[in-house]
Protein chains: 2
Amino acid sequence: MAQESRPTLATVAAHAKVSRQTVSNVLNSPEVVLPDTRERVLRAIAELDYRPNVVARQLRTRRSYVLGLRMPPTTDGISGQVLDRFLHALTDEAQRAGLRVMLFTADDDEAEIREYENLRATTGIDGFVLTATHEGDPRTRWLADHDVPFVSFGRPWDDAGTGDGTSHEHAWVDIDGRAGTRAATRHLLDAGHRHIAFLGWPEGSGVGDDRHAGWYEALADAGLAGDAVVHRTMDDGVAQGAAAANRALVRDDVTALVCVSDSIALGALAAVRELATSRPDRAPVAVTGFDDTPVAGAVDLTSVAQPVGDVAARAVELLRAQIDGRPDAVNRQALIEPYLVVRGTTRAPR
Amino acid sequence: MAQESRPTLATVAAHAKVSRQTVSNVLNSPEVVLPDTRERVLRAIAELDYRPNVVARQLRTRRSYVLGLRMPPTTDGISGQVLDRFLHALTDEAQRAGLRVMLFTADDDEAEIREYENLRATTGIDGFVLTATHEGDPRTRWLADHDVPFVSFGRPWDDAGTGDGTSHEHAWVDIDGRAGTRAATRHLLDAGHRHIAFLGWPEGSGVGDDRHAGWYEALADAGLAGDAVVHRTMDDGVAQGAAAANRALVRDDVTALVCVSDSIALGALAAVRELATSRPDRAPVAVTGFDDTPVAGAVDLTSVAQPVGDVAARAVELLRAQIDGRPDAVNRQALIEPYLVVRGTTRAPR
DNA sequence: CTCCGCGGTTTGAACGATCTAATACAGGAC
DNA sequence: GTCCTGTATTAGATCGTTCAAACCGCGGAG
């Protein structure tokens with residue numbers, strides 16, 4: 001009800017009979033203040049329920065402790081979920097580290113860069129979190145060139161060869177997709193499967209090729225690489241997954257499908273179930289997905305889960321270090337190991 | 001590369017040979033400035049690529065044009081998707097209206113209220129967007145009591161009776177769930193179905209009861225209310241949906257299921273398909289969901305879609321009006337009509 | 001001729017914090 | 001007693017903007 005304005009440094013100072021600066025010191029470098037005085041000031045702060053105005057502080061120090069994040073475009077797909085969970089974790093971790101997350105939108109990379117500049121110029125945002133990095137991404141270059149702190153969720157997928165040799169690698173965190181599909185494939189091998197096909201995206205996407213590599217490695221380790229079967233879809237999607245699965249299952253000996261995403265896996269699952277009714281004689285076919293989206297849980301699909309919480313924690317750590325001017329305090333790159341969530345689609349035949 | 005600091009009002013003023021205040025006026029109330037001068041100042045602004053420092057402005061005017069939003073808790077369910085899409089639309093609309101969205105997290109309503117206060121006191125956030133309002137929600141009361149601008153996505157679900165008669169209704173936007181299930185039910189009636197069951201949540205949740213009411217109304221309008229069959233699940237979820245569907249389909253004459261959510265519908269769909277193989281003689285059963293999540297598209301499920309874009313646009317409009325001090329410029333409540341997306345699960349039997 | 005009113009512009013203070021430099025004071029060396 | 005050193009605290013300037021009031025020149029009324 002009461003409209004009275006909040007207390008300021010000056011109010012607290014008067015109340016504790018010290019100067020503004022002493023109050024400021026109590027908050028920012030308590031060690032320079034005599035214990036007696038400090039105590040008195042802290043009491044005054046508590047009594048008045050004083051809280052520093054971060055806007056004024058920001059104007060003076062040119063530090064906002066705010067991170068910008070382009071709202072990940074709604075992919076309409078099922079896997080978009082991962083980014084939403086990441087956003088949640090990021091907000092959480094940032095808050096814990098004394099940072100805030102501010103959102104914005106942009107239609108493409110160029111617009112996003114314009115928005116970086118705008119946000120820096122007008123609101124003094126301290127850093128950015130990038131998602132969905134891709135080959136030849138202009139955003140990372142711009143940010144690096146302008147000395148803006150940032151971290152990307154996703155590796156730079158450029159050819160190592162094309163870049164200048166200076167290895168100006170920026171800070172990033174990513175999921176080790178290769179380890180994920182490797183784990184899924186090993187799990188299937190352990191269960192006795194010998195002919196395991198991979199349903200993937202078109203060649204050329206960094207993420208997709210990485211996941212493909214993990215499956216291949218596991219087969220090679222088991223001495224089964226000669227028999228590797230791959231079927232690529234045109235695009236991510238449930239219908240595409242079903243089509244690819246049908247193509248793969250033409251071969252009678254194929255008993256398991258490792259899928260590059262939950263969407264594809266969902267389609268594969270439908271194809272597999274149809275096959276089970278039309279050809280009851282055939283051995284049951286196991287399926288694994290990738291991302292562990294809510295749908296995977298719903299249809300009891302084994303899937304590779306991305307620990308987005310860990311990714312977010314690491315991203316915040318990296319950004320905080322850059323903002324505080326100690327960019328090399330921590331390793332600037334982190335590859336996080338996903339884990340397999342085993343569900344019904346890979347359990348022993350019923 | 002160049003580290004030189006950005007131009008300020010003073011820089012522009014010097015460049016255009018006017019005072020700071022005149023530059024400020026050109027930006028904020030151009031009509032008080034002589035066209036000649038205005039022209040000159042605008043040229044200087046363009047030449048220097050000047051952009052006002054919103055932090056300094058905020059300190060002086062005590063307006064931030066920033067909205068706070070508690071990151072919707074990840075429901076793990078499939079329907080959580082809706083809030084993510086809303087968040088995206090909100091960011092978009094806010095940006096268009098000159099507002100920004102800042103995120104925070106909180107574990108419960110009390111913590112959320114503490115965070116409101118904290119954000120107001122320290123960063124001077126101008127308003128809040130609430131999601132997932134529920135019965136006896138303490139947040140709306142606190143915000144209203146403290147004269148903080150806010151809009152909720154979701155009606156206040158309190159009993160109209162218990163409140164004081166003053167109808168201190170706050171600003172809100174919501175989806176007309178009743179109209180949604182009504183449309184779905186009518187669609188089924190038009191297709192010739194006569195025994196349409198409803199699979200819903202436990203009684204007592206505002207949203208669930210609202211959706212239930214729409215189904216009942218449609219049946220009553222068709223003179224079929226006497227035969228209404230309802231089955232409630234214990235909780236939202238795919239397994240629960242399957243169980244409820246099986247209970248409903250015990251009656252042989254039931255040929256359609258209207259579901260309160262896509263999760264339930266997904267389960268129902270599985271049950272229906274199983275039934276189709278075990279009893280091929282029986283008429284095919286139609287299913288509708290609610291939310292039109294990506295999964296619905298994936299499994300070809302007819303579902304009621306929430307136009308979250310419209311909700312977001314309206315929410316921003318309402319907040320902007322409050323922040324600008326004209327709280328009654330627009331209707332403070334808006335009920336938005338969802339629409340039905342017809343897909344395979346309600347098409348004529350194959 | 002003086003004075004008033006008025007539109008356009010300028011000046012100085014204020015928002016609430018931090019930075020820099022100055023000050024007060026106590027204790028020790030000579 | 002004087003001077004120096006070092007520590008705890010204070011005063012004033014500053015960040016970039018907007019608010020409030022003052023200023024200035026000019027035309028018209030008295």
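Whole-Å rounding puts the A/R63 CZ to C/dA17 C1' distance at 16 Å. Rounding to whole angstrom units, CG of residue B/N53 and P of D/dT14 are separated by 18 Å. Rounding to whole angstrom units, CG of residue A/N28 and C1' of C/dG16 are separated by 13 Å. Taking atom OH of residue B/Y65 and atom C1' of nucleotide D/dT17, one finds them 14 Å apart after rounding to whole Å. What separates CD of B/E39 from P of C/dT9 is a distance of 13 Å, to the nearest Å. Rounded to a whole Å, the CG atom of B/D36 is 12 Å from the P atom of C/dG8. When the P atom of D/dG16 is taken as reference, atom CZ of A/R57 falls 18 Å away, rounded to whole Å. The interatomic distance linking B/Q58 (CD) with D/dT18 (P) rounds to 12 Å, in whole Å.
A salt bridge links B/R96 with B/D92; the closest basic N to acidic carboxylate O contact falls under 4.0 Å. Using a cut-off of 4.0 Å between Lys/Arg side-chain N and Asp/Glu carboxylate O, B/R70 and B/E115 are scored as not salt-bridged.
Proximity of B/R62 to the phosphate of D/dT18: no side-chain N or O atom is located under 4.0 Å from OP1 or OP2. For the pair A/R6 and C/dG16, the criterion of a side-chain N or O lying under 4.0 Å from OP1 or OP2 is not met.
In this structure a side-chain-to-backbone donor-acceptor pair under 3.5 Å is missing from B/Q58 to A/V55. Panel note: side chain B/R320, backbone B/A97; a donor-acceptor pair is recorded below 3.5 Å. Counting only distance, with no hydrogens or angles, the side chain of B/T91 and the backbone of B/L87 share a donor-acceptor pair below 3.5 Å.
For DNA chain D, none of the residues of residues 115-127 of chain A falls under the heavy-atom distance limit of 4.0 Å.
Counting heavy atoms from C-beta on, the side chains of B/W157 and B/D174 come closer than 4.5 Å.
Remark: A/D310 engages no residue in a salt bridge (Lys or Arg N to Asp or Glu O under 4.0 Å) (not counting sequence neighbours).
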Please write out the pairs of protein N or O atoms and N or O atoms of nucleotides 9-13 of chain D separated by less than 3.5 Å, giving the distance to one decimal.
residue	atom	partner	partner atom	Å
D/dT9	OP1	A/T37	OG1	2.3
D/dT9	OP2	A/L34	N	3.1
D/dT10	OP2	A/S19	N	2.9
D/dT10	OP2	A/S19	OG	3.0
D/dT10	OP2	A/T22	OG1	2.7
D/dG12	N7	A/R20	NH2	3.4
D/dG12	O6	A/R20	NH2	3.1
D/dA13	N6	A/R20	NH2	3.3

Task: Full working for salt bridge (Lys or Arg N to Asp or Glu O under 4.0 Å) between B/R40 and B/D36 - done: CA-CA 6 Å; B/R40 193 151 33 99; B/D36 262 11; over 6 Å; no
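Taking the six-membered ring where the residue is Trp, B/Y116 and B/F128 present tilted rings, their angle falling between 30° and 60°.
Distance from the side chain of A/L9 is smallest to C/dA17 among D/dT18, C/dC15, C/dA17.
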